[in-house]
Amino acid sequence: TQSRSSAASDVYKRQVVVNLLYFVVPSLIVFGVTYIIINKFFEEQRKLRLLELKKEQMRELTPIKLQAYERLTLFLDRISPENLVIRLSKSGQSANQLRHELIQSITSEFNHNISQQVYVSNDCWNMIKAVKEQTISVVEACYQECGDTESGPGLGKKILTRLMQEKTTPTQRAIELMKKEIEIAF
């Protein structure tokens with residue numbers, strides 16, 4: 001009788017375990033599936049929120065970026081040698097005085113617009129710096145060709161003559177490249 005009771009007890013225990021498994025296994029499967037679905041849902045919500053934030057940032061930054069390109073275009077126009085010479089050359093001025101004023105004006109304009117680098121691409125900013133340096137180099141090279149008694153307008157004429165020999169000036173090329181970058185970016 002004891003072995004019968006022990007056997008019945010074992011059967012009963014097994015049946016309890018099987019009955020528990022009938023409830024636990026489906027519950028674990030439902031829990032696992034629910035967990036995966038909820039995780040995917042929250043991940044999608046996070047991605048949507050990030051996308052919305054990026055759109056909002058773009059809405060706010062686009063006008064600022066366009067303004068930076070506009071300001072840099074004005075900068076390039078202001079440091080173009082032909083505009084500088086016309087604006088700064090005066091009669092009675094020595095070549096050295098004009099050279100100094102040209103370089104000072106280029107440097108001042110550059111420093112005034114230096115914060116715009118935050119809103120444009122690295123390639124664009126590097127191009128702006130290169131144009132600045134090229135323009136100063138043209139002024140220096142033309143000044144080296146001047147004699148000690150050369151006038152400011154004489155230096156200006158040398159600079160303009162050198163520019164006429166080129167098909168496009170560095171400032172014109174930079175403006176064209178900026179236009180292309182704007183077309184791509186916006």
Side-chain angles (χ1 to χ4, degrees), residues 15-88 100-141 159 162-163 166-186:
Q15 199 165 8
V16 169
V17 170
V18 169
N19 285 340
L20 275 174
L21 288 176
Y22 281 138
F23 292 107
V24 171
V25 170
S27 297
L28 288 174
I29 291 171
V30 168
F31 174 77
V33 169
T34 304
Y35 179 79
I36 291 169
I37 290 171
I38 288 174
N39 258 359
K40 284 186 178 183
F41 173 76
F42 284 129
E43 182 62 25
E44 289 299 317
Q45 289 298 313
R46 188 184 70 77
K47 286 179 182 177
L48 284 173
R49 182 67 181 138
L50 284 175
L51 185 62
E52 288 174 17
L53 286 173
K54 284 184 179 186
K55 283 182 182 179
E56 184 64 31
Q57 285 177 339
M58 286 303 293
R59 241 190 316 272
E60 291 174 10
L61 279 179
T62 297
I64 295 170
K65 285 184 173 193
L66 285 173
Q67 186 180 30
Y69 282 102
E70 290 171 1
R71 287 188 64 182
L72 290 173
T73 302
L74 286 170
F75 162 73
L76 290 170
D77 185 61
R78 289 186 59 80
I79 70 160
S80 68
E82 59 272 18
N83 290 340
L84 281 172
V85 167
I86 291 169
R87 193 170 65 242
L88 299 175
H100 177 72
E101 285 184 38
L102 291 170
I103 292 171
Q104 183 180 17
S105 181
I106 293 166
T107 304
S108 174
E109 290 286 341
F110 179 80
N111 290 339
H112 181 72
N113 288 288
I114 202 161
S115 65
Q116 302 310 308
Q117 68 182 301
V118 173
Y119 303 108
V120 298
S121 70
N122 286 337
D123 290 341
C124 181
W125 184 249
N126 289 334
M127 176 187 55
I128 296 294
K129 291 190 307 187
V131 169
K132 171 197 163 231
E133 295 304 321
Q134 288 171 355
T135 305
I136 290 173
S137 293
V138 166
V139 170
E140 290 290 0
I159 292 170
R162 179 170 289 190
L163 291 175
E166 298 180 20
K167 288 184 180 180
T168 58
T169 65
T171 54
Q172 290 168 332
R173 286 191 297 272
I175 290 171
E176 289 304 314
L177 289 172
M178 282 181 27
K179 285 179 183 178
K180 288 178 184 173
E181 188 171 298
I182 290 170
E183 287 175 9
I184 291 168
F186 301 102

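We number each residue from 1, following the sequence as shown.
- Taking the side chain as every heavy atom from C-beta outward, E109 and K132 never approach each other to under 4.5 Å.
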Practice task
Go through the steps to decide whether T73 and K179 satisfy the test side chain to side chain contact (heavy atoms under 4.5 Å, CB included), and finish with yes or no.
Solution key: CA-CA 9 Å; T73 302; K179 285 179 183 178; over 6 Å; no
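- No donor-acceptor distance shorter than 3.5 angstrom exists from the side chain of S108 to the backbone of Q104, with no hydrogens or angles considered.
- Taking a 6.0 Å sphere around CG of N39, one finds it holds more than 12 heavy atoms contributed by other residues, nucleotides or ligands.
- Side-chain atoms of S80 come within 3.5 Å of backbone atoms of D77 as a donor-acceptor pair (strictly under, hydrogens ignored).
- Residues F75 and Q116 have side chains not in contact (no heavy-atom distance under 4.5 Å, counting atoms from C-beta outward).
- Side-chain contact check for S105 versus R87: some heavy-atom pair is nearer than 4.5 Å.
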Practice task
Begin with the C-alpha distance, continue with both residues' side-chain angles, and end with the deciding distance and a verdict on salt bridge (charged side-chain N to carboxylate O under 4.0 Å, His left out) for K55 and E52.
Solution key: CA-CA 5 Å; K55 283 182 182 179; E52 288 174 17; over 6 Å; no
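- Using a 4.5 Å heavy-atom cutoff, the side chains of K47 and L51 are not in contact.
- In this structure, the side chains of H112 and R71 come closer than 4.5 Å at one or more pairs of heavy atoms.
- A heavy-atom distance below 4.5 Å is not found between the side chains of E176 and T168.
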Practice task
Please lay out, stage by stage, how R46 and E43 fare under the test salt bridge (charged side-chain N to carboxylate O under 4.0 Å, His left out).
Solution key: CA-CA 5 Å; R46 188 184 70 77; E43 182 62 25; 2.7 Å; yes
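- Considering only heavy atoms from C-beta on, E166 comes within 4.5 Å of R173 through its side chain.
- For the pair K129 and N126, the minimum side-chain heavy-atom distance is below 4.5 Å.
- Taken from OG1 in T34 to CZ in F41, the straight-line distance is 14.0 Å, to the nearest 0.5 Å.
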